[in-house]
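Here the structure is laid out as structure tokens; the discussion comes afterwards.
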Amino acid sequence: MRNPRDFLKPLANGAPAPLLDVPATPSRMIHFFDPSNEKMAAKVPDIAQKADVVLGNLEDGVPADRKEAARAGLVSIANSLDPSATLWTRVNSLESPWVLDDITAAVLEAGDKIDVIMLPKVEGPWDIHYADRLIAQLEAKAGLDRPILIHAILETALGMANVEEIASASPRMQGISLGPADLAASRRMKTTRVGGGHPGYRVIDDPDPANPEAPRATAQQDPWHYTLARMVDACTATGILPYYGPYGDIKDVDGCEAQFRAAFLLGCVGTWSLHPVQIGIAKKVFSPDPDEVAFAKKVIEAIPDGRGVHMIDGKMQDDATWKQAQVMVTLARSLAERDPELAEAYGL
Ligand SMILES: CC(=O)SCCNC(=O)CCNC(=O)[C@H](O)C(C)(C)COP(=O)(O)OP(=O)(O)OC[C@H]1O[C@@H](n2cnc3c(N)ncnc32)[C@H](O)[C@@H]1OP(=O)(O)O
Ligand SMILES: CC(=O)C(=O)O
Ligand SMILES: [Mg+2]
């Protein structure tokens, strides 16, 4: 066990000190692009004006013979992108032949432009400890003055079993995303979809004894509910941020919106967008509804000290609901500070 008094000390001489708090800048959508795909990369400067985060993906989805081109493309984009854009990268997994060069290039050649390194297939705190020390050594070599954070993808059964230890492994942890495709494979879930529901995963009403042949009402359930809820608890208990992940059926915009909304309601702060069409969906879902914000403001205004029991619009309010209202208004305020349209919609 590390001495808790050393937790906020750099892991390499000359590396920047770890942050006490995760930066609270909006990250409603982490927009993925393949830096080796010239057509996609050409769109990134424009997309970076719309998406809270753009992420140069070096891992799955990038063919093996384009890994080096993707790494070079990431460095080139990092060094030409408008400095107001927020850039992350997803490196290859820790057992791969590419990851050492990925992390080295990201930190040494673009470390002052990349805020977060996403690590795939994290299985336990040991994976975070390895990357933590390596990044600190490279930060010191590059002379960086702020730490690059780590975001873990939860996509193996072992990672899931260790999610609490992963979340608290280092002050460098920024957040965790769900990786539903690899996780489904790791768990032997019988779905070939990337996130979302499945028509086979459902509940059904009991038969009507008076009419056993009558059709029975049935409804699909969310196979990701347990995983997301546990991930949200692990993240919020340790002061880091939870995210949904990819929704692979690009054409199913309604399914995408429903999955994003379920994650938002459970506590996730954002999601991934794989295609430009998903940026607007994520923005709509992960920016709170103006009516909810208006009600939350009403609660806060009506209960200035946040105490006691009150009736507002026919609903009981007390110390706890006041805190729920604060969550809503704090989020709305942080988005409104950067987005005049939302500021107007929220009256903030
Ligand atoms: C399980 C996981 O690991 S998920 C993470 C890994 N996967 C990814 O990152 C996938 C990223 N997305 C993609 O590769 C693509 O969006 C695909 C393959 C899903 C669909 O691509 P296409 O079939 O080309 O989509 P479509 O024809 O609708 O694209 C329209 C335009 O948007 C561009 N575009 C598509 N996706 C993106 C993107 N993520 N970023 C920027 N531009 C994009 C296309 O290049 C195309 O440009 P054009 O009009 O100049 O020709
Ligand atoms: C997100 C990811 O990598 C997965 O679903 O496997
Ligand atoms: Mg994966």
Side-chain angles (χ1 to χ4, degrees), residues 29-64 66-67 69-71 73-74 77 81 85-96 98-99 102 116-123 127 151-160 163 166 175-189 191-198 223-224 227-228 231 242-253 255-256 259-260 263 268 270-282:
M29 70 299 287
I30 303 162
H31 180 78
F32 269 57
F33 68 94
D34 172 355
S36 78
N37 178 329
E38 284 175 16
K39 221 162 96 179
M40 234 188 236
K43 293 186 162 50
V44 171
D46 181 45
I47 286 179
Q49 305 297 315
K50 302 181 190 115
D52 293 339
V53 177
V54 287
L55 179 146
N57 175 35
L58 309 181
E59 201 226 7
D60 292 357
V62 177
R66 294 222 308 263
K67 294 289 187 188
R71 193 186 298 137
L74 171 74
I77 286 172
L81 205 57
T86 303
L87 178 67
W88 297 10
T89 185
R90 176 171 82 166
V91 295
N92 284 283
S93 59
L94 291 175
E95 76 283 4
S96 76
W98 303 291
V99 63
D102 290 347
V116 174
I117 292 180
M118 193 180 263
L119 282 185
K121 303 175 179 68
V122 171
E123 305 234 89
D127 286 338
H151 181 113
I153 313 180
L154 195 56
E155 50 184 348
T156 68
L158 184 57
M160 191 65 223
V163 63
I166 292 169
I176 300 182
S177 288
L178 169 69
D182 271 301
L183 184 55
S186 169
R187 284 176 171 162
R188 300 194 198 99
M189 290 167 71
T191 169
T192 52
R193 300 174 176 208
V194 178
H198 192 288
W224 303 107
T227 311
L228 272 180
M231 186 187 83
Y243 296 78
Y244 176 67
Y247 189 86
D249 192 344
I250 309 291
K251 299 274 180 248
D252 182 8
V253 290
C256 179
Q259 180 73 78
F260 286 1
C268 289
T271 186
W272 299 9
S273 66
L274 299 184
H275 185 280
V277 75
Q278 294 183 338
I279 296 173
I281 303 173

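Quick caveat, the model's predicted, so the values are computed rather than measured. Just so you know, ligand 1 is whichever comes first in the structure, and atom 1 is the first atom listed for that ligand. Just so it is clear, the values below take in all heavy atoms, side chains as well, and ignore hydrogens, waters and symmetry mates.
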Exercise. How far is atom 4 (C) of ligand 2 from its nearest protein heavy atom, and which residue and atom is that?
Worked result: Glu155 OE1, 3.3 Å
Exercise. So, is Leu183 polar-close to ligand 2, with some N/O to N/O distance under 3.5 Å?
Worked result: no
Exercise. For the salt bridge (charged side-chain N to carboxylate O under 4.0 Å, His left out) test, which of Arg90, Lys67, Lys121 pairs with Asp60?
Worked result: Lys121
Problem set entry | Any N or O of Ile153 closer than 3.5 Å to N or O of ligand 2 | no
Problem set entry | Heavy atoms of other groups near Gln49 CD, more than 12 under 6.0 Å | yes
Exercise. Considering only the protein, which heavy-atom contact is closest to atom 5 (O) of ligand 2, and what is its distance?
Worked result: Ala181 N, 2.7 Å
For this session: Could you check whether the rings of His151 and Trp88 sit parallel, tilted or perpendicular, using 30° and 60° as the cut-offs?
Result: tilted
Exercise. By number and element, which atoms of ligand 2 are closer than 4.0 Å to a non-hydrogen atom of Trp272?
Worked result: 1 (C)
Exercise. Does ligand 2 have an atom under 4.0 Å from some heavy atom of Pro120?
Worked result: no
Tabulation required: pairs of a nitrogen or oxygen in ligand 1 and a protein nitrogen or oxygen under 3.5 Å; columns are atom names and distance to 0.1 Å; otherwise 'none'.
| from | atom 1 | to | atom 2 | distance (Å) |
| --- | --- | --- | --- | --- |
| ligand 1 | 3 (O) | Arg90 | NH1 | 3.2 |
| ligand 1 | 3 (O) | Arg90 | NH2 | 3.1 |
| ligand 1 | 12 (N) | Leu274 | O | 2.8 |
| ligand 1 | 16 (O) | Leu274 | O | 3.3 |
| ligand 1 | 28 (O) | His275 | NE2 | 2.7 |
| ligand 1 | 39 (N) | His31 | NE2 | 3.3 |
| ligand 1 | 39 (N) | Phe32 | O | 2.8 |
| ligand 1 | 39 (N) | Leu274 | O | 2.7 |
| ligand 1 | 40 (N) | His31 | NE2 | 2.8 |
| ligand 1 | 47 (O) | Lys43 | NZ | 3.0 |
| ligand 1 | 50 (O) | Lys43 | NZ | 2.5 |
| ligand 1 | 51 (O) | Lys39 | NZ | 2.8 |

For this session: Working to the nearest 0.5 Å, report the span between CG of Leu55 and CG of Leu74.
Result: 8.5 Å
For this session: Taking the Mg ion (ligand 3) as the reference point, name the nearest N/O/S atom of Glu155.
Result: OE1
Exercise. With distance as the sole test, does Gln259 use its side chain to make a donor-acceptor pair with the main-chain N or O of Gly195 at under 3.5 Å?
Worked result: no
Problem set entry | Where ligand 2 meets Asp182 - atom numbers and elements under 4.0 angstrom, heavy-atom basis | 4 (C), 5 (O), 6 (O)
Seminar exercise, completed: Taking only non-hydrogen atoms of Arg90 and a 4.0 Å limit, the atoms of ligand 2 in range are 2 (C), 3 (O)
Seminar exercise, completed: Distance col, row Cys268:SG vs Leu178:CG, nearest 0.5 angstrom, shows 8.0 Å
Exercise. When you measure from the side chain of Trp272 to the backbone N and O of Tyr247, does any donor-acceptor pair fall under 3.5 Å?
Worked result: no
Problem set entry | contact_flag Pro180 ligand 2 heavy-atom lt 4.0 Å | yes
For this session: Verify, without hydrogens or angle tests, whether Ser177 (side chain) and Gly245 (backbone) share a donor-acceptor contact under 3.5 angstrom.
Result: no
Exercise. For ligand 2, is Met118 a contact, meaning one of its heavy atoms is under 4.0 Å away?
Worked result: no
For this session: Starting from the Mg ion (ligand 3), look over the N/O/S atoms of Asp182 and name the nearest one.
Result: OD2
For this session: Check for a donor-acceptor pair, side chain of Asn92 on one end and backbone N or O of Leu58 on the other, with a separation under 3.5 Å.
Result: yes
Exercise. Are Met118 and Tyr243 close enough that some pair of their side-chain heavy atoms sits under 4.5 Å apart?
Worked result: no
For this session: Give the atoms of ligand 2, by number and element, whose distance to some non-hydrogen atom of Pro246 is under 4.0 Å.
Result: 1 (C), 5 (O)
Exercise. Got a second to check how far Leu119's CG is from Thr89's OG1, nearest 0.5 Å?
Worked result: 10.5 Å
Exercise. Is the backbone N or O of Met29 less than 3.5 Å from a side-chain atom of Thr271, with the two atoms forming a donor-acceptor pair by type?
Worked result: no
